[in-house]
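Reviewing the structure listed below.
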Amino acid sequence: MKIKIAKIVILLSFITILLFSIGCTGVQREPIGFSGVNSYEGILYIGTTDGRIVAVNPESRVDREVFPSPDGEWEYSPIVPSTGWSCSDSSAPVSIYGTPVVTDGLACIGIYNGKVLMMNPIARNSNLPFPQQRDEEWSYPRTDELIAPIVGSPAILDDIVYISCSDSMIYALDRRFGDELWKSEPLGDKLWVTPVIKDDVLYVSTFDGHIYTLSATDGDLLPWSFKSETGFISSPAIYEDIIIVGSFDRNLHAVRIGDNTPLWSFAAENWFWGTALVDDGIVYAGCLDGKVYALDVLTGDKIWEFNAGESVVSSPIMADDSIVVASEAGDIFIVDKLTGRGKSVMGLEGTDEDIVSTTGAIIRSSLCYSEGIVYVHTQNDVLFAIDVEQANISWMYSLEQEQDK
Amino acid sequence: MTDLWYLIIVDPTLNGLIALSGALPKQVQFGLAIILLTVTVRIILLPVSLRQLKSTKAMQSLHPKMQELQKKHGRNKQKLQQETMKLYKESGINPIGCMGPMLIQFPVWIALYQSIMRALATTPENLLDLSHRLYSWEAVSHALPLNNNFLWLDLAGSGDFFLAILVGGSMWVQQKMTTAPSADPKQQSTAQSMQIMMPFMFGAFVLMFPSGLAIFWLISNLIGIATQYFLGGGWGNLTNPFSSAESKSKK
């Protein structure tokens, strides 16, 4: 009898291990997150892959002070109720994809687990329980309830926080108290984008191929919307009255607000995942085909292309007269915005592809430029500071928790 | 090796599944595509399945003779084994004949499994990964992103008890129909335990894995049952679910 049970247990264990190893290792199912960096009054705000929101003072990192230093540094680990099976109340860490947005000294972030958080650096620095309502801290929803996953970053205008959600709705929340002011009607498919606000109008691109315009005041759908045959994958970028957005058909589309047909479409070899950067009449768009394209915003004509070698997930960023680009493989490039050629090289001078540095880790999150330095958050939770003029790594700091280092 | 596996097996299946979804009504596209692809694959593998069925049937036809052998040499295990092998040889049956076709089908099931999991792309990381596996076909780009809803199910979600019961129940029926009786009481007892444990285990898997995968298991089981019924000659052992208990009580 014992042998029989043992045989069955061994066989079942084998099948279970086989299924899980084939299924789970082949396809990663758990969200990890790739939050970008934001700089506000000299402090950097980042969401880590282990679900913490971290404020880093570059000066303290240069001085190699113990983290968190009293000079504006802090970290906070939001905990949400676990959605798994459990006999008792349990909680789980969170995943963060959006980049923290800081306004009037308060940091706001939407987390994948379905909460929006507003944090006061003073309260977080003092390690007080969250939320400190008198310090204008809040979470939405206030209770243990969760809304659908949030992937995009918050957009803030005046006293309203706008956030898109996987339940296909836009939420407008009071910036000071976190009260829900309104939520839009469902906009078709799930929303993984950051809404763009221009002249009191919200612009949202959707997975089912729409660009919707909503009133920033009450969330009502405005008369003009655009419908494409294929879904949109990237968040929209707006330049004057032209919306630039990437779609699942591997095209970057430009749509003039009010028109029903695209102004132009530019085909590449893969999706334009990151939001395009538009400056001085030129669109700079990173593509998952490993290239960065510079296109005329009015005609879509290609001005130059730059080969980053591997997929470009994060959006290109403007750093004075250069474009800084990060490939998913971890290489960072500084590209002349007029010619598409590298300006300075470490050991590779003269080539078209000017590698400034390699971080050695995956880069998917948004970059941040401040006072000559580009900040990069890699998937292994290391924060790199790249000196654009010197074209080298100025400093780097591991954001992993002390016990994990 | 992994690259080759994806290049030859997984990527074509994945792109085929997505392109097929694009040709179906948006409301039910992915669920229906999973069903159609599962049916297609089962039809392609029908010759293999029939061979497996034939082996199982042949094993079943030997059941009375094996019972005789059991009565005759029940106390001498070595002799029983020798006589059983002799019987197999005389009847032209390979006792592991049922295993061969199963092994051939296994990579196909794994490819389907991986394709469904990848196509669902529930997280941004999954979607990024998916982008590198897609062909530049218009049919593929127009189908994306796939609609995860099918009937009452979120195909990317898990934890549907009704679906778990359906998968577990259909697996039990299929196993009951196809499992060949054994002359050895120990083997028979083990097979019976497996018939109960496997449906329970897969029922539990349904609660843990995306419903899209459970749909694949369910349809696969139903096709297995239909194949057995129409081509294998009826309900098989299902019509006599207490056969082993009876034989025990006779003893």
Side-chain angles (χ1 to χ4, degrees), chain A residues 1 3-5 7-9 11-13 15-16 18-20 22-34 83-85 95 97 112 149 151-152 166 189-190 192 206-209 229-233 247-251 267-271 273 287-289 311 313 328 362 364 379, chain B residues 2 5-6 10 18 22 26 106-107 109-111 113-132 134 136-138 140-148 156-159 186-187 189-194 196-198 200-202 204-205 207-210 213:
Chain A
M1 185 66 182
I3 294 169
K4 193 185 93 179
I5 292 170
K7 273 182 182 174
I8 293 170
V9 168
L11 187 64
L12 293 181
S13 308
I15 294 169
T16 310
L18 194 73
L19 257 178
F20 274 84
I22 290 164
C24 297
T25 56
V27 188
Q28 170 242 321
R29 289 190 60 216
E30 294 305 317
I32 295 169
F34 38 88
T83 50
W85 296 347
S95 307
Y97 290 92
Y112 189 78
V151 174
S166 294
D189 218 322
K190 59 189 170 192
W192 279 5
T206 69
F207 272 2
D208 66 358
E229 280 184 19
T230 48
F232 293 120
I233 183 117
S247 72
F248 282 107
D249 63 3
R250 303 179 172 199
N251 275 277
E269 298 293 315
N270 209 326
W271 300 338
W273 179 281
C287 184
L288 297 185
D289 68 5
S311 295
V313 179
E328 196 180 17
I362 293 168
R364 290 176 177 152
Q379 284 302 99
Chain B
T2 316
W5 164 252
Y6 280 106
V10 179
I18 294 171
K26 186 83 180 171
F106 209 57
W109 300 140
I110 295 169
Y113 174 100
Q114 290 195 333
S115 302
I116 292 167
M117 298 281 276
R118 281 182 190 281
L120 282 167
T122 50
T123 65
E125 286 93 348
N126 289 163
L127 197 58
L128 271 172
D129 178 64
L130 180 66
S131 74
H132 298 298
L134 298 176
S136 57
W137 301 345
E138 206 171 287
V140 170
S141 58
H142 279 253
L144 290 171
L146 299 173
N147 177 15
N148 287 347
S158 55
K186 275 187 183 173
Q187 274 183 18
S189 169
T190 308
Q192 270 189 315
S193 305
M194 286 299 293
I196 295 168
M197 290 296 284
M198 285 288 280
F200 263 111
M201 205 169 72
F202 270 78
F205 284 154
L207 300 175
M208 289 185 275
F209 284 89
L213 199 62

Spatial distance of atom [atom1] ([X]) from atom [atom2] ([Y]) [nearest 0.5 Å]:
{"X": "A:Asp208", "Y": "B:Lys26", "atom1": "CG", "atom2": "NZ", "value": "7.0 Å"}
{"X": "A:Tyr97", "Y": "B:Thr123", "atom1": "OH", "atom2": "OG1", "value": "4.5 Å"}
{"X": "A:Trp192", "Y": "B:Leu127", "atom1": "CH2", "atom2": "CG", "value": "5.5 Å"}
{"X": "B:Leu134", "Y": "A:Arg250", "atom1": "CG", "atom2": "CZ", "value": "6.5 Å"}

Measure distances from A:Glu328 to the heavy atoms of chain B and classify the residue's part below 4.5 Å as side chain, backbone, both or neither.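 For A:Glu328, the contact with chain B is made by the side chain alone.
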Using modelled atom types only, decide if a donor and an acceptor are shared between the side chain of [X] and the backbone of [Y] within a distance under 3.5 Å.
{"X": "A:Asp189", "Y": "B:Pro145", "value": "no"}
{"X": "B:Glu125", "Y": "A:Pro31", "value": "no"}
{"X": "A:Glu229", "Y": "B:His142", "value": "no"}

Any idea which heavy atoms bring B:Asn148 and A:Lys190 closest together, and the distance?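 B:Asn148 and A:Lys190 have their closest heavy atoms at ND2-NZ, 4.3 Å.
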Quick check on B:Leu120 against chain A: is it the side chain, the backbone, both or neither that has a heavy atom closer than 4.5 Å?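 No part of B:Leu120 comes within 4.5 Å of chain A.
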Are B:His132 and A:Asn270 packed together at the side-chain level, in the sense that at least one heavy-atom pair is separated by less than 4.5 angstrom?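 They are in contact (side-chain heavy atoms under 4.5 Å apart), so the answer is yes.
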Less than 4.5 Å apart, any side-chain heavy atom of B:Leu128 and any of A:Trp271?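 The answer is no, as the side chains (C-beta and beyond) never meet within the 4.5 Å cut-off.
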Of all of B:Ser141, B:Ser131, B:Ala121, B:Ser136, which one pairs up most often with chain A through heavy atoms under 4.5 Å apart?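 Highest number of heavy-atom pairs under 4.5 Å: B:Ser131.
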When A:Trp273, A:Phe207, A:Tyr112 are compared by non-hydrogen pairs under 4.5 Å with chain B, the top option: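 It is A:Trp273.
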